[in-house]
Amino acid sequence: MRPGLLFLFLILVLVGTSRTQEHVPKESHNINWSKFSGFWYILAIATDAKGFLPGKDKRKLGASMVRIPKAGQLKVVIAFSRSQGCQSHTVTLRKDNKKAVFRNALRGVKGFRVLSTDYSSAVVYVRLGRAGREYKNLLLFSRQITSSFLSIRDFVDAAEGLALLEHAAILPKDASCANTVLP
Ligand SMILES: *[C@@H]1O[C@H](CO)[C@@H](O)[C@H](O)[C@H]1NC(C)=O
């Protein structure tokens with residue numbers, strides 16, 4: 001077993017599988033968005049969008065650049081290695097009036113929320129889809145190319161809550177796609 005897989009396996013054992021009912025985690029409030037902005041690596045993903053993740057040999061770290069064009073807006077660039085190669089998308093999201101959730105229905109982003117962050121890592125939940133279809137995506141953001149045990153545990157906890165645990169993958173530490181987002 002590769003070290004990354006062994007690590008994930010150990011965490012799965014530690015977290016246990018006692019909770020079975022799906023619950024959507026609450027977004028974190030009181031986020032300082034200017035502190036949250038900037039460059040992030042995406043170290044892990046859990047998604048129920050079939051075919052989103054490329055084959056194991058084509059997986060690489062993703063990346064995100066988050067900017068705040070004005071209050072209540074996020075401009076998010078996401079780069080991700082797909083089977084077609086490294087792809088990046090830019091979308092401007094608007095904040096919900098009441099909740100710390102950002103969206104852009106026209107671009108198919110139904111919700112972008114930060115479930116937890118200490119500003120050096122973050123667990124981000126993104127719901128994508130149009131019309132009747134919806135995909136859940138959980139991302140582990142990190143300022144560094146390595147992750148702390150605590151941040152992986154938060155990610156695994158959230159993936160379990162969203163019933164995405166069996167679709168979770170720690171990405172190989174290849175930053176060639178991620179670096180395309182660097183300024
Ligand atoms: C938010 O973060 C910025 C940048 O680190 C800092 O200058 C500002 O004081 C923070 N605002 C609050 C309300 O803590």
Side-chain angles (χ1 to χ4, degrees), residues 4 7 11 15 23-47 60-81 86-129 135-162 164 168-183:
F7 194 39
I11 288 166
V15 169
H23 68 277
V24 177
K26 271 209 154 39
E27 69 273 11
S28 177
H29 286 278
N30 308 316
I31 288 181
N32 182 333
W33 291 101
S34 75
K35 233 169 144 177
F36 184 82
S37 66
F39 178 83
W40 296 94
Y41 289 105
I42 300 172
L43 302 184
I45 180 170
T47 178
K60 295 174 178 183
L61 296 178
S64 183
M65 182 68 86
V66 178
R67 301 214 177 283
I68 311 156
K70 53 178 152 175
Q73 283 194 6
L74 290 185
K75 190 175 177 190
V76 180
V77 183
I78 286 200
F80 212 84
S81 178
C86 183
Q87 298 192 330
S88 79
H89 296 278
T90 304
V91 61
T92 299
L93 306 171
R94 281 169 191 79
K95 192 181 168 295
D96 184 278
N97 283 335
K98 295 191 192 106
K99 293 183 277 182
V101 179
F102 290 80
R103 44 177 77 92
N104 181 335
L106 283 177
R107 295 287 308 276
V109 181
K110 291 185 157 184
F112 176 104
R113 61 181 100 184
V114 175
L115 301 183
S116 60
T117 187
D118 61 1
Y119 304 101
S120 63
S121 68
V123 177
V124 178
Y125 178 40
V126 185
R127 288 186 306 121
L128 298 175
Y135 305 107
K136 300 185 283 186
N137 303 276
L138 190 70
L139 306 168
L140 175 59
F141 278 26
S142 173
R143 300 288 191 190
Q144 309 283 323
I145 207 161
T146 53
S147 47
S148 67
F149 176 80
L150 284 181
S151 67
I152 296 197
R153 198 192 59 187
D154 285 350
F155 173 79
V156 169
D157 273 350
E160 189 188 26
L162 292 163
L164 287 176
I170 305 255
L171 298 165
K173 302 221 177 313
D174 175 338
S176 57
C177 181
N179 287 342
T180 61
V181 173
L182 281 171

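Counting starts at 1 for both ligands and their atoms, in listed order. Index from 1, following the sequence.
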Checking Asn137 side chain against Val126 main chain: does a donor-acceptor pair fall under 3.5 Å? yes
Does Ser64 reach the main-chain N or O of Val77 with its side chain, forming a donor-acceptor pair under 3.5 Å?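 At least one qualifying donor-acceptor pair exists.
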Is it true that atom CZ of Arg127 has more than 12 heavy atoms of other residues, nucleotides or ligands lying nearer than 6.0 Å?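 Above 12, so yes.
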Which residue, Leu43, Ile42, Val123, forms the side chain to side chain contact (heavy atoms under 4.5 Å, CB included) with Leu139?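 Result: among Leu43, Ile42, Val123, Ile42 is the only option passing the side chain to side chain contact (heavy atoms under 4.5 Å, CB included) with Leu139.
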Would Tyr119 and Phe36 count as a side-chain contact (heavy atoms from CB on, under 4.5 Å) if you check the C-alpha gap in whole Å, the side-chain angles of each, and the deciding distance to 0.1 Å? CA-CA 6 Å; Tyr119 304 101; Phe36 184 82; 4.2 Å; yes
For Phe102 and Phe112, take the angle between the two ring planes, folded into 0 to 90°, and tell me which bin it lands in: parallel under 30, tilted 30 to 60, perpendicular over 60. perpendicular
Ligand 1: protein residues within heavy-atom distance under 4.0 Å: Asn32, Ser34, Lys35
